[in-house]
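Fair warning: this is a prediction, and the values are worked out from it, not measured in the lab. Each residue takes its place number in the sequence, starting with 1.
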Amino acid sequence: MQTMKERLLIFDTTLRDGEQSPGASMTFDEKLRVARQLENLRVDVIEAGFPAASPGDFEAVHAIAKSVTRSVVCGLARANPRDVERAGAALEPAAHSRIHTFIATSPIHMREKLRMSPHQVVERAVAAVQQARGYTDDVEFSPEDAGRSDLDFLCRIIEAAIDAGAGTVNIPDTVGYNVPEQFGELIGELRARIPNAGDAVFSAHCHNDLGLAVANSLAAVMAGARQVECTINGLGERAGNASLEEIVMAVRTRRDVFDCDTRIDATQIVPTSRLVSGITGFPVQPNKAIVGANAFAHEAGIHQDGVIKARETYEIMRAEDVGWAANRIVLGKHSGRAAFTERLKFLGFEFASDEELDRAFARFKELADNKHEIFDDDLQSLVSDAASAAAASRFALKNLETASQLGQPAAATVTVEVDGGEVTARGQGNGAVDATFRAIESIAESGSFLQLYSVSSITGGSDAQGEVGVRLERDGRIVNGHGADLDIVIASAKAYINALNKLYDSEMPVHPQLAQAV
């Protein structure tokens, strides 16, 4: 007899912990786009940010709280009155809100960082939970660095937090120190020893320093945790967090092992992965589980033969179930707005305004005139490119000419619109891209440092669009630029200018590693 599956809650922290990954800062509009897509993915809880970290983070959390209605919107707060107050104010318009408050509990953190006694730490935790309950009935408490904390002390502080009103208790392996057997045993011990454990949902938040974040999280689920904190593509500080897509598909694929399941719409996993990758400039490695380009590819003859005869011989999941699909579409230069809009809606994209749709449709028509076959991947990149162009505020690419000759420096002549007027400059460099960047920089005079330049092909074929990511840094501000075009040099120029516009945006924050992460 089949028993009813318990619900496993998915707490996504891409917009908070994920954004703390060096170079992964997002603009206000980008955070909103990711939040809406996480809602489409049917994430249970979206940790939208750290409201006390900066005015920009506060405004982003506030905007997401107004925009998202089907998922719980969560704000992080250290266990102090100001942080909790800022989180409560930012979340005020949310249909469903949660305050996630935390304080360190490991001996080294209490001694070296907090310089507080265990008794003081418990008092601070209880006060923060009680204050948070004044803003919302949904409060989560995390003992930071629980994986290296004393078990008896963990029991003491968690029991006190639950008594104070915490409905979720999160156990973070903050530095990725634990191994699966140990971490699962910790969750089991806490649930068994804490008298009021049954009054709270236990959660796991694991970092990937030893490559064990997913394994540790799944061990926690096996031990009774019913929430997992994770990120799209495993994004996060240092080596990252547990990967949402791997957690979800492990639980769903191994139904014989796990007595729980999520409400995630798995068909939105790949579109969400690509959106986050494009915005943050962090490419997904080809052999990444679930969302990597090779995740469902078979080159070995034996594997190919087996899959042709019976897919299950070498595939434990269907590619279509996670959002991979036969990506050739019947759209071309004669296709209308209705077909274009409907296809993008199928892919998980909706436009915030008619103007945004007009820009994307015009870009589609331009692409269809020059590219023989249009793929879903082209459309996804097209939307990102159109959004980047729409975000232009100070600089816009008007014209680009390059010349390269074997054994000679390349030259580029670039015309850029700057604050409504056009400026033309010429640059030389080691190749057309270098020359183009030098020409643009001579106009912008940004004084920035190019941290990253990445190129990828969106689809196969010699007429494939090139997708370029650029990361610039200046005075602690790190921004990512995105550009796509059939011409890789033009795509590079678009990406560089997109990054410059973000760099000059006064609302782009200094990189958000201002506060201690959970």
Side-chain angles (χ1 to χ4, degrees), residues 11-32 34-35 38 43 45-68 71-94 96-104 109 113-114 124-125 128-129 131-132 135-136 138-145 166 168 170 172 174-175 203 205 207 229-232 235-238 240-241 276 279-280 476-479 507-518:
F11 178 111
D12 182 276
T13 185
T14 302
L15 291 169
R16 200 278 299 170
D17 202 328
E19 200 206 11
Q20 289 179 190
S21 181
S25 294
M26 305 178 204
T27 66
F28 182 90
D29 289 338
E30 287 169 344
K31 288 182 179 181
L32 277 177
V34 171
L38 291 173
V43 162
V45 184
I46 299 171
E47 191 167 49
F50 198 152
S54 70
D57 229 28
F58 179 94
E59 292 302 326
V61 174
H62 190 72
I64 291 168
K66 287 193 290 186
S67 175
V68 169
S71 300
V72 175
V73 179
C74 177
L76 184 70
R78 289 166 296 190
N80 67 56
R82 178 183 176 275
D83 274 29
V84 175
E85 184 276 326
R86 293 293 283 170
L91 294 167
E92 191 274 330
H96 311 284
S97 66
R98 174 182 295 185
I99 292 177
H100 178 191
T101 186
F102 72 96
I103 192 167
H109 275 245
K113 184 182 73 173
L114 299 179
R124 183 75 65 84
V129 171
Q131 181 186 359
Y135 296 100
T136 177
D138 190 348
V139 175
E140 176 172 335
F141 171 70
S142 288
E144 185 189 2
D145 203 20
T168 302
N170 177 54
T174 304
V175 294
S203 173
H205 178 122
H207 280 261
E229 307 199 355
C230 43
T231 60
I232 302 299
L235 195 67
E237 284 196 285
R238 304 184 313 276
N241 287 267
V276 170
I279 285 175
T280 61
R477 183 171 281 110
I478 300 174
V479 296
E507 295 188 1
M508 272 299 291
V510 173
H511 193 264
Q513 289 188 356
L514 301 175
Q516 183 68 34
V518 175

In Å, rounded to the nearest 0.5 Å, how long is the span from CD of Gln131 to CD1 of Ile99? 8.0 Å
Of all heavy-atom pairs linking Ala87 and Gly75, the shortest is CB-O, 4.5 Å
Worked check of side chain to side chain contact (heavy atoms under 4.5 Å, CB included) between Leu38 and Ile232: CA-CA 9 Å; Leu38 291 173; Ile232 302 299; 4.0 Å; yes
Closest heavy-atom pair and its distance - Asn241, Gly236: ND2-CA, 3.2 Å
Backbone N/O of Phe50 and side chain of Asp57: donor-acceptor pair under 3.5 Å: yes
Test side chain to side chain contact (heavy atoms under 4.5 Å, CB included) applied to Glu229 and Glu140, step by step: CA-CA 12 Å; Glu229 307 199 355; Glu140 176 172 335; 2.4 Å; yes
Determine, for Glu144 against Lys113, whether the closest basic-nitrogen to carboxylate-oxygen distance falls under 4.0 angstrom. yes
Close side-chain approach of His109 and Leu114, heavy atoms under 4.5 Å: no
How long is the span from the CD atom in Glu59 to the CZ atom in Phe28, to the nearest 0.5 Å? 7.0 Å
Shortest non-hydrogen contact between Ser203 and Thr168, atoms and distance: CB-CG2, 4.1 Å
Heavy-atom closest pair, residues Ala125 and Phe141: CB-CE1, 3.6 Å
For Thr14 and Asp12, does a side-chain donor sit closer than 3.5 Å to a side-chain acceptor? yes
Kindly write out the residues that satisfy side-chain contact (heavy atoms from CB on, under 4.5 Å) with Ala128, not counting sequence neighbours, or none if the list is empty. Ala79, Val84, Thr101
Side chain to side chain contact (heavy atoms under 4.5 Å, CB included) evaluation trace for Tyr135 with Glu85: CA-CA 8 Å; Tyr135 296 100; Glu85 184 276 326; 3.5 Å; yes
Determine, step by step, whether His96 and Asp138 satisfy the side chain to side chain contact (heavy atoms under 4.5 Å, CB included) criterion, reporting the C-alpha distance in whole Å, the side-chain angles of both residues, the deciding distance to 0.1 Å, and the verdict. CA-CA 9 Å; His96 311 284; Asp138 190 348; over 6 Å; no
Closest non-hydrogen atoms of His100 and Phe11, given as atom of the first, atom of the second and distance, are ND1-CZ, 3.9 Å
I'd like a table of donor-acceptor pairs (distance under 3.5 Å, sequence neighbours excluded) in which one partner is a side-chain atom from residues 60-67, with atom names and distances.
from, atom 1, to, atom 2, distance (Å)
His62, ND1, Ala90, O, 3.2
Ser67, OG, Arg36, NE, 3.3

Just how far is it from atom CG of Leu76 to atom CZ of Arg86, taken to the nearest 0.5 Å? 14.0 Å
Distance check, rounded to the nearest 0.5 Å: Thr27 atom OG1 versus Ile279 atom CD1? 7.0 Å
Indicate yes or no for a side-chain donor-acceptor contact from Glu19 to the backbone of Met26 under 3.5 Å, with no hydrogens or angles considered. yes
Result of checking His205, Arg16, Arg98 against Glu47 for side-chain hydrogen bond (donor to acceptor under 3.5 Å, both in side chains): Arg16
Residues in side-chain contact (heavy atoms from CB on, under 4.5 Å) with Ser97, at least two apart? Leu91, Ala94, Thr136
Could you report the tightest heavy-atom contact between Ile46 and Ser71, atom names first, then the distance? CD1-CB, 3.8 Å
